[in-house]
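Note sheet for the following structure.
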Amino acid sequence: MVRPQSSAAGVLALLQEPDPVFKQHALKALNPLVPQFWAEISEHIAVIEALYESDELPKPTRNAAALVASKVYYFLGEYDEALSFALGAGSAFQDETRAHGSEEYVETIVSKAIDRYIQVRSAEQSGSKEKIDPRLQSTIEGIFGRCITEGEFKQAIGIALESHRLDVIETIYQQTNDTSLLSYAMEGVLDTGFSLSYRDEVLRFLFPLFPQPTTGDGSPHVHALTRLLVTLSDPSLTISLLSSLVEGEPLLAYQFAFDLVEGGSQDFLENLRTELPEGNEKTQPIFEKLRTILTGKDSIKLYREFLKRNNQTDLLILKNTKDALEPRSSIYHTALTLQNAFMHAGTTSDIFLRENLEWLGLASNWSKFSATAGLGVIHKGYFEQGQTILGPYLPQSGGESNIPGANYSEGGALYALGLINAGYGSDVITYLRDALKAAQGEVVQHGAALGLGVAGMGSKSMEAFEDLKNILFTDSAVAGEASGYAMGLVMLGTAASEPVREMLQYARETQHEKIIRGLAMGTAFIYYGRQEEADATIKLLLGEKDPILRYGGVYTLALAYAGTANNDAVRKLLHIAVSDTSDDVRRAAVTSLAFLLFKNPASVPRVVQLLSESYNPHVRCGATLALGIACAGTGLQDAIEILEPMTKDSVDFVRQGAFIALGMILVEQSEASSPALAPTRAKYLKVISDKHEDPMARFGAAIGQGFIDAGGRNVTITLQSRAGSINTSAVVGMVLFCQFWYWYPLAHCASLAFSSTGVIGLDADLKAPKFEFISNAKPSLFAYPSTTKPPKKEAVTKVATAVLSTTAKVKAREKKKAAAEGESMDLDTKQEGEVDVEMKSDEASPKDGDASTSRPKKTEPSFELRPNFSRVTPAQLPYISFSSDGRYQPVRAVSAKALPSKSGKAAVRDTSVALGSGSEKFAGGGGILILTDLRPNEETEYIELQTVPAPPAPEAAPTGNADVSSEPPPTGRHIALDENAPEAEPPEAFEYPFDNDT
């Protein structure tokens with residue numbers, strides 16, 4: 001038996017031999033001994049280094065000495081020295097890499113080499129004169145070569161992106177012609193926190209590499225190109241692509257236009273419409289259609305039609321909530337207002353308001369403001385009739401109304417008008433500006449400012465900004481707060497230094513906490529998406545003594561790096577969450593994690609797990625909202641498991657946050673897909689019905705009910721567009737919603753994050769033909785939740801009198817005795833209703849499971865056919881396909897990623913299945929699809945779209961699907977808010993309990 005070696009002394013002694021052959025043999029023998037005897041060998045490191053530096057020794061010997069020295073320094077923890085000698089080892093290190101590539105030493109040195117290369121290359125791009133070591137360059141080239149040879153293309157692309165080696169990406173694409181690798185590179189630079197300038201450089205480099213989309217191949221990279229164009233927002237690039245498509249692929253041009261509307265900003269779409277060419281005689285009609293599509297109003301109309309057709313609002317839920325909550329309490333009235341607004345968002349159905357005018361009339365003061373603003377959520381996107389619908393409530397040209405309390409409904413109506421036109425407000429901005437300037441009272445100014453901000457979001461209108469600034473300088477706390485928010489919304493994402501300077505200067509001068517908060521949040525909106533450009537302002541705000549300005553600094557950080565998962569930003573927020581002296585700032589820091597990490601929702605429960613168990617209730621509350629916003633619409637079980645115990649938290653506002661978050665997460669989930677759905681609904685009902693429960697928790701449960709059934713059960717909550725880019729309106733809407741902590745009316749802005757989940761097919765004439773597509777899943781998996789059943793009235797029945805067997809025997813004996821005595825006693829006749837309950841085996845009753853009595857269960861089909869304008873949830877998208885022999889085929893893939901299955905193959909019925917992943921937060925796709933008609937000569941049957949909603953039937957019942965109406969409740973001006981009803985004093989929550997303003 002060979003004894004294990006106990007020392008390297010014998011081999012080390014050979015290093016002192018004068019013969020180079022002995023030295024080379026010693027180094028070769030030492031190489032495998034280093035992991036075991038590195039401490040002993042390190043005492044001779046000077047000798048080994050001298051051998052490496054000796055010019056008299058042959059190169060192989062010197063390389064071997066460098067490799068041994070590198071390993072010794074690695075075990076000593078001196079990684080820079082280890083890397084330096086590994087580079088000097090040349091071919092010896094390369095041989096080591098090939099032979100032992102999976103060993104920790106090799107992996108660490110290669111990693112250090114890549115890090116060093118990335119560091120030097122980045123410094124070089126920044127203007128540094130430091131030159132790259134040729135040996136390092138050679139090593140990295142070898143790494144790239146091996147990755148490409150072994151098919152590890154994504155690894156090579158990752159290194160290339162970080163080291164600014166775009167030529168490597170081009171080389172890989174030329175060898176593979178795989179557009180998915182270009183998409184991977186694009187996602188890498190967008191989702192990994194690179195600087196804005198480098199991000200734009202990479203996207204402009206990738207754009208010409210993508211091949212021209214064509215209808216025949218399903219154009220799998222349309223999603224990637226759309227996301228690229230929306231991110232760059234460069235009209236010249238977009239117009240060049242659209243123009244080339246107009247010539248040969250007009251249907252794809254229409255598809256791109258609809259997809260760009262999903263994620264593009266107002267000013268980008270406006271520039272596209274302005275700069276599109278007129279075209280020649282053949283192409284002019286196509287360009288005109290593109291201009292119409294790019295207004296965004298066609299998309300809104302189609303989604304509004306989808307929501308009206310498929311409205312599945314369960315009015316009995318609203319009725320039960322109304323019966324349980326005291327309407328004279330302002331917080332409860334607002335809770336039901338918000339719940340109804342969310343449940344009917346975009347459906348244009350105000351039937352609940354029409355049937356409960358008495359309840360609506362009990363609104364007072366700011367509850368009245370919120371109730372009127374709720375009409376904007378219900379009629380969201382109804383541009384054509386927005387002012388007509390709100391006409392009875394809008395300020396009249398004759399000046400302020402003499403009706404008591406009318407200013408609240410007028411302000412709410414102006415805010416509602418902004419919500420109706422959110423993101424597409426070019427037609428109403430002038431009206432709202434005029435209303436803002438004409439308004440006398442601060443309540444109307446408040447509503448006009450909020451409406452102008454939401455409608456003019458991202459418009460960059462300096463005229464609107466100046467009007468808002470004039471209202472701000474009146475130093476009215478109520479009007480000034482709304483102006484601060486609105487100024488930031490109008491200049492959204494501009495990083496304009498002068499507006500920021502003016503806003504922060506006024507925030508430091510004013511004494512009103514409301515105004516400071518509005519300006520701090522407005523500053524955050526101005527730096528939306530600007531990443532490193534916001535760093536100086538973030539540092540300034542986070543260093544302020546005023547906690548409200550630090551609060552604004554937290555949201556500035558979150559919005560500047562929204563969706564990037566930037567490590568430094570996450571680290572800062574986590575530090576603030578556990579160290580700041582203000583509870584409000586700590587809560588905001590935890591909540592803001594959602595805005596950084598929403599693209600990877602599965603990571604959020606791990607990040608906030610410990611925070612959800614914090615001793616500080618504000619930190620726990622922030623954790624609930626972070627989970628709700630980041631995991632919205634996913635039904636993620638990990639998030640639900642954290643939130644469920646928090647619904648029993650000892651602090652009321654933590655329970656409130658947990659109820660709201662559960663509603664966000666479970667929106668558009670079914671009882672089959674999410675086991676938590678039914679228990680959560682039952683929990684909402686129990687909390688709302690419990691009069692001993694705290695008002696804040698009941699408020700949260702009502703909002704959660706609104707979210708879980710939002711948009712007639714046909715919308716989801718998501719911060720991403722269908723193409724995968726950040727949905728600006730949704731992010732802004734959710735940030736504003738989070739401010740309901742201070743100001744309940746801002747909760748209406750959550751509707752900006754609602755995304756309709758219909759599949760809407762249009763042909764070349766932009767009309768909706770009748771057709772069917774396939775959902776390759778069991779219908780129950782993505783079915784609508786079952787409707788609430790009203791309680792059954794049980795009839796009172798007479799209970800039968802039980803007669804024991806012992807009693808019967810006694811009566812029998814008495815009968816015999818009476819017969820013997822000649823008495824005629826009929827004692828054995830049972831009285832009506834009496835039964836004998838003597839225990840006997842019932843042999844006649846069928847046994848459980850008897851085949852003769854049990855009904856066979858119906859087997860649920862594994863797929864279903866769905867018509868045009870059907871609901872398709874994000875998780876359902878991967879299961880959607882179009883039959884290969886169908887008349888209509890989409891010009892792009894329905895969704896963006898491949899469907900996983902247990903067998904490794906797509907679980908579908910034909911080969912035309914779309915790509916997508918139901919397990920991810922974002923499956924991509926769906927929405928409005930342009931269709932190719934494979935049989936154009938056949939007669940087409942179209943879906944007739946409603947242009948004017950039908951009024952509700954007078955006998956409409958308070959349950960079932962809501963009828964649709966666009967008319968205001970027909971009882972005159974301000975009737976929906978009865979001025980003669982006794983007004984209860986609003987609870988403390990509506991009087992700004994966190995503010996000392998007078």
Side-chain angles (χ1 to χ4, degrees), residues 179-180 183 210-226 241-242 244-260 262 286 289-290 293 298-299 302 306 722-723 757-777 863-872 874 876-899 905-917 923-943:
T179 54
S180 67
S183 299
F210 279 101
Q212 178 83 3
T214 57
T215 304
D217 62 357
S219 298
H221 55 283
V222 168
H223 293 289
L225 277 175
T226 302
L241 175 63
L242 291 176
S244 64
L245 291 174
V246 164
E247 296 292 340
E249 300 282 355
L251 296 184
L252 267 175
Y254 297 151
Q255 184 67 69
F256 265 105
F258 276 115
D259 290 347
L260 288 170
E262 295 280 349
I286 301 174
K289 285 184 180 178
L290 288 176
I293 294 170
D298 281 1
S299 299
L302 290 166
F306 159 75
R722 298 179 203 278
T757 52
V759 164
I760 301 171
L762 303 178
D763 64 8
D765 296 324
L766 303 185
K767 296 180 179 179
K770 292 185 177 181
F771 69 92
E772 290 182 328
F773 55 89
I774 305 167
S775 174
N776 296 282
F863 71 96
E864 63 176 329
L865 297 177
R866 303 293 298 157
N868 196 5
F869 277 84
S870 288
R871 181 185 86 153
V872 176
Q876 189 178 3
L877 273 172
Y879 298 90
I880 298 302
S881 65
F882 282 71
S883 176
S884 55
D885 58 354
R887 176 177 177 180
Y888 295 100
Q889 297 293 327
V891 298
R892 67 150 164 84
V894 177
S895 64
K897 297 184 184 294
L899 172 67
K905 298 181 180 179
V908 296
R909 295 177 66 247
D910 68 37
T911 56
S912 63
V913 67
L915 302 174
S917 173
I928 298 172
L929 298 175
I930 301 298
L931 306 171
T932 302
D933 188 351
L934 301 182
R935 298 193 287 274
N937 296 326
E938 295 183 10
E939 186 177 353
T940 304
E941 188 177 0
Y942 290 105
I943 296 174

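Numbering starts at 1 and runs along the sequence shown.
Within the 4.5 Å cutoff, no side-chain heavy atoms of L290 are placed close to those of F256. Proximity of I928 to Y254: side-chain heavy atoms (C-beta onward) are nowhere separated by under 4.5 Å. Using a 4.5 Å heavy-atom cutoff, the side chains of F258 and L762 are in contact. Looking only at side-chain heavy atoms (C-beta outward), L245 and Q255 stay at 4.5 Å or farther from each other. Looking at P936 and D763, their side chains never come closer than 4.5 Å, going by heavy atoms from C-beta outward.
Expressed to the nearest 0.5 Å, how far CG of L929 lies from CD1 of I760 amounts to 9.0 Å. Between the CD atom of E249 and the OG1 atom of T932 there is a distance of 8.0 Å, given to the nearest 0.5 Å. Separation of atoms OG (S883) and CD (Q889) is listed at 7.5 Å; rounding is to 0.5 Å. For the atom pair CG of N776 and CD of E864, the computed distance is 10.0 Å after rounding to the nearest 0.5 Å. Residue L252 holds its CG atom at 7.5 Å from OG1 of T214, rounded to the nearest 0.5 Å.
With D259 contributing its side chain and H223 its backbone, the two residues share no donor-acceptor pair below 3.5 Å. A donor-acceptor pair under 3.5 Å links the side-chain atoms of R887 to the main chain of E938, judged by distance alone.
Taking every heavy atom of both residues into account, P769 and N868 meet most closely at O-ND2, 3.0 Å. Among all heavy-atom pairs drawn from I880 and V872, the shortest one is CG1-CG1, 3.7 Å. Nearest heavy atoms, K770 versus Y942: CE-O, 3.8 Å. Across V222 and R892, no two heavy atoms sit closer than the pair CG1-CD, 3.9 Å. Between P211 and T179, the shortest heavy-atom contact is CD-CG2, 3.4 Å. The shortest heavy-atom contact between Q876 and R871 is OE1-O, 3.9 Å.
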Subject >> side chain to side chain contact (heavy atoms under 4.5 Å, CB included) evaluation trace for V891 with L931 >> reply: CA-CA 6 Å; V891 298; L931 306 171; over 6 Å; no
Subject >> Derivation of the side chain to side chain contact (heavy atoms under 4.5 Å, CB included) call for L766 and I930 >> reply: CA-CA 8 Å; L766 303 185; I930 301 298; 4.1 Å; yes
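Ring-plane geometry between F771 and Y888 is classed as tilted, the angle between the planes lying from 30 to 60 degrees on a 0 to 90 degree scale.
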